[in-house]
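For reference, the structure is listed below as structure tokens.
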Amino acid sequence: MATLSPVRGTQDILPDEHRLYARVEETARDVASRYGYGEISTPIFEFSDVFSRTLGETSDIVTKEMYSFEKGDDRLTLRPEGTAGVARAVMSNGLRQHLPLKFFYRGPMFRYERPQKGRRRQFHQVGVELLGVAEPLGDVEVIALGHHVLSDLGLGDKVTLEINSLGDSESRQAYRDKLVAYFSRFKDELSADSKLRLEKNPLRILDSKDEGDRKFVADAPLLGDSLNDASRTFFDTVLNGLAALGISAKVNPRLVRGLDYYSHTAFEFTTDMLGAQGTVLAGGRYDGLFEMMGGPATAGIGWAAGIERLTMLIGEADAAPRPIAIVPLGAQAEAAALKIAQNLRHARLGVDLGYGGSMKSRMKRADKVKAIATVIIGDNELAKGVAAVRDMDSGQQTDVSLAELEQHLARYRVEEKK
RNA sequence: GCGAACGUAGCUCAGCGGUAGAGCUCUCGGUUGUGGUCCGAGCGGUCGUGGGUUCGAACCCCAUCGUUCGCCCCA
């Protein structure tokens, strides 16, 4: 029995739900392409180094969440996120000479985490990366693109944008030092988690959910006060750009990123409708990433969004397209029906051909697939060279000559998507 | 990795120590070729799995797997 269950944290995506996934993916791809972002697919597994070098040997993702395996002499890892692979692809393909580059991607990611609502071990993301643009205008565009995708999905009023600046490396280092100095004074009173964070990742103490930590956090030095002039100006330019586009953003001075390659802008679109997994689309600027991979300094900014989380927010799946059902009666009619079905399909109509059973059961089948019309062909009809076409909503049934069938049914053709 | 709750037919759930139930779904029928309503019949569960306690366990105990909620982390 155990072997007939999916692996923990994985799931089958059945057709109804797949339409929801497709809607998210298609919306994101469509909006991204309007901003000039072309789709890129990188492999689902990479050399482990690609992730361990960029994410940091001590990060949670690398130390305990990666699906890694060896094959021959290669140490390989199922990708836990999308950015590292895209950056690697840029270098592998010598694409730096074409900077700036704009990419959209989608696909599965893998993280060995405790599954929760909106969090799976295999999950799916859509994301974008803008490479080679050091100017704050890039940040504005990327955030506007994320905002655009969410609002096209109808989530405009369900999410809020929070934003912060981590500053350049100089500002960030200065702040980090201040923060460590500050929290060290209360070291013994911090939560166990935050004591660890003080060593590994002091910025993370800022968004601790521990009650005891929070009162120290309240008086902690603010990142904003540590920004140097250049970083301050950069952040202001981003905020002004967003304001000019009418995108409201809430500056959250405690919004941080754990990974070292992040700098300047960090942002998250969050919702309060998904419990603890409220972050729906998040990203930031990662100007340090390429160097950590051993490449030349390259500016970068991007975001990723969890498709599972988005599908939970956008609600009901679109109805499946309604086919035309064909109900043949008798061997002769079945042979004719096969051809008719095929002709109609070539004419861009959706057709459901009943495979067997009584007429009653085939009619039920037609109803079950929500057929918009049913074409009934028996010996009587065949003798007259007609088919009985039944409109399944009105119940009206009329004989239509086989020659005019396609033309008659054209009214049921689903409109092409705009 | 830590804490908690839950796990009975495809779905939603009842049963809470004495040999498995309901509603919905599904299949077939209600005479010769007509769906959605109605009526009838039927299929379907070793009660997540493995141990233990007991004369006897879906019901008690332990373990394990899974789901959900929170922490950690993150999309």
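Throughout, a chain's letter reflects where its sequence line sits, starting with A, and its residues are numbered from 1. The figures here come from the full heavy-atom set of this structure, side chains too, leaving out hydrogens, waters and symmetry mates.
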- request: Could you walk me through whether A:Arg197 and A:Ser194 pass side-chain hydrogen bond (donor to acceptor under 3.5 Å, both in side chains), step by step?
  value: CA-CA 5 Å; A:Arg197 284 188 277 233; A:Ser194 284; 3.2 Å; yes

Using the side-chain heavy atoms of [X], tell me which of these nucleotides is nearest: [options].
X        : options             : result
A:Glu65  : B:A75, B:C73, B:C69 : B:C73
A:Arg204 : B:A75, B:C73, B:U68 : B:C73
A:Lys209 : B:U68, B:A75, B:C72 : B:C72

statement: Here the salt bridge (Lys or Arg N to Asp or Glu O under 4.0 Å) pairs for residues 128-145 of chain A, sequence neighbours left out, are A:Asp139-A:Arg285

Residue pairs, two or more places apart or on separate chains, that pass salt bridge (Lys or Arg N to Asp or Glu O under 4.0 Å) and touch residues 386-400 of chain A: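 Passing the test, one end in residues 386-400 of chain A: A:Arg322-A:Asp393, A:Lys384-A:Asp399.
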
May I have the distance from [X] (atom [atom1]) to [N] (atom [atom2]), rounded to whole angstrom?
X        : N     : atom1 : atom2 : value
A:Gln116 : B:A75 : CD    : P     : 15 Å
A:Asp213 : B:C71 : CG    : C1'   : 12 Å
A:Arg79  : B:A75 : CZ    : P     : 14 Å
A:Phe123 : B:A75 : CZ    : C1'   : 6 Å
A:Arg111 : B:A75 : CZ    : C1'   : 7 Å
A:Glu308 : B:C74 : CD    : P     : 18 Å
A:Arg257 : B:C73 : CZ    : P     : 13 Å
A:Arg8   : B:G1  : CZ    : C1'   : 11 Å

Taking pairing as Watson-Crick or G-U wobble with both contacts under 3.5 Å, can you name the mate of [N], or confirm there isn't one?
N     : result
B:A58 : none
B:G42 : B:C26
B:C6  : B:G66
B:G33 : none
B:G17 : none

query: When you check the phosphate oxygens OP1 and OP2 of B:U68, does a side-chain N or O of A:Arg120 lie under 4.0 Å from one of them?
result: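 For B:U68, OP1/OP2 do have a side-chain N/O of A:Arg120 under 4.0 Å.
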
Could you work out the separation of [N] and [M] based on their [atom1] atoms and round it to a whole Å?
N     : M     : atom1 : answer
B:A20 : B:C59 : P     : 13 Å
B:G18 : B:G10 : P     : 25 Å
B:G21 : B:G36 : C1'   : 29 Å
B:C62 : B:U67 : P     : 22 Å
B:G29 : B:A9  : C1'   : 23 Å
B:C11 : B:G3  : P     : 30 Å
B:G50 : B:A58 : C1'   : 16 Å
B:A75 : B:C60 : C1'   : 43 Å

Can you name the atoms? Protein N/O to nucleotides 2-10 of chain B N/O, anything below 3.5 Å, with the distance.
from	atom 1	to	atom 2	distance (Å)
B:C2	N4	A:Arg114	NH1	2.7

field: Partner of A:Glu46 by salt bridge (charged side-chain N to carboxylate O under 4.0 Å, His left out), out of A:Arg79, A:Arg88, A:Arg75
entry: A:Arg88

field: Residue whose closest nucleotide on RNA chain B lies nearer the 5' end, A:Ser358 versus A:Ser208
entry: A:Ser358

- prompt: Given that A:Ser361 and A:Glu268 both sit by RNA chain B, which one's nearest nucleotide is further toward the 5' end?
  reply: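 Its nucleotide being nearer the 5' end, the pick is A:Ser361.
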
task: Please list residues of residues 189-198 of chain A whose heavy atoms come under 4.0 Å from any atom in RNA chain B, ordered by number; otherwise none.
output: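 Result for residues 189-198 of chain A: A:Asp193, A:Arg197, sorted by number.
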
Select base, sugar-phosphate, or nothing to describe what [X] touches, counting heavy atoms under 4.0 Å on all strands.
X        : result
A:Gly82  : nothing
A:Ala366 : nothing
A:Gly118 : base

Sequence-distant partners of [X], side chain to side chain contact (heavy atoms under 4.5 Å, CB included), two or more places apart:
X        : answer
A:Asp207 : A:Arg204, A:Val256
A:Ser358 : A:Lys360, A:Ser361
A:Ser226 : A:Tyr175, A:Lys178

field: A:Arg106 and its side chain to side chain donor-acceptor pair (under 3.5 Å) partner, picked from A:Gln125, A:Glu26, A:Glu25
entry: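 Only match with A:Arg106 under side chain to side chain donor-acceptor pair (under 3.5 Å): A:Glu25.
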
message: Quick test of your reading: applying ring-ring contact (aromatic ring centres under 6.0 Å, His included), list the pairs with at least one residue in residues 135-158 of chain A, sequence neighbours left out, ordered by first then second residue.
response: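 For residues 135-158 of chain A, and leaving out neighbouring residues, the ring-ring contact (aromatic ring centres under 6.0 Å, His included) pairs sorted by first residue read A:Tyr35-A:His148.
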
message: Test: ring-ring contact (aromatic ring centres under 6.0 Å, His included). Region: residues 116-140 of chain A. Which pairs qualify, not counting sequence neighbours?
response: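 Those involving residues 116-140 of chain A are A:Tyr21-A:His124.
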
task: Scan A:Thr298, A:Leu131, A:Ile40, A:Val133 and name whichever one has a side chain to side chain contact (heavy atoms under 4.5 Å, CB included) with A:Leu101.
output: A:Leu131

task: Applying side chain to side chain donor-acceptor pair (under 3.5 Å), name anything that partners A:Asp30, two or more places apart in sequence or on another chain.
output: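 Side chain to side chain donor-acceptor pair (under 3.5 Å) list for A:Asp30, sorted by chain: A:Arg34.
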
message: Can you list everything that forms a side chain to side chain donor-acceptor pair (under 3.5 Å) with A:Glu381? Sequence neighbours excluded, please.
response: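 None.
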
- prompt: Does A:Phe290 have its ring centroid less than 6.0 Å away from the ring centroid of A:Tyr286?
  reply: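 Ring-ring flag for A:Phe290/A:Tyr286: false, centres at least 6.0 Å apart.
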
query: Quick one: what's the B/S/- string for nucleotides 33-42 of chain B, heavy-atom cutoff under 4.0 Å, read 5' to 3'?
result: BBBB------

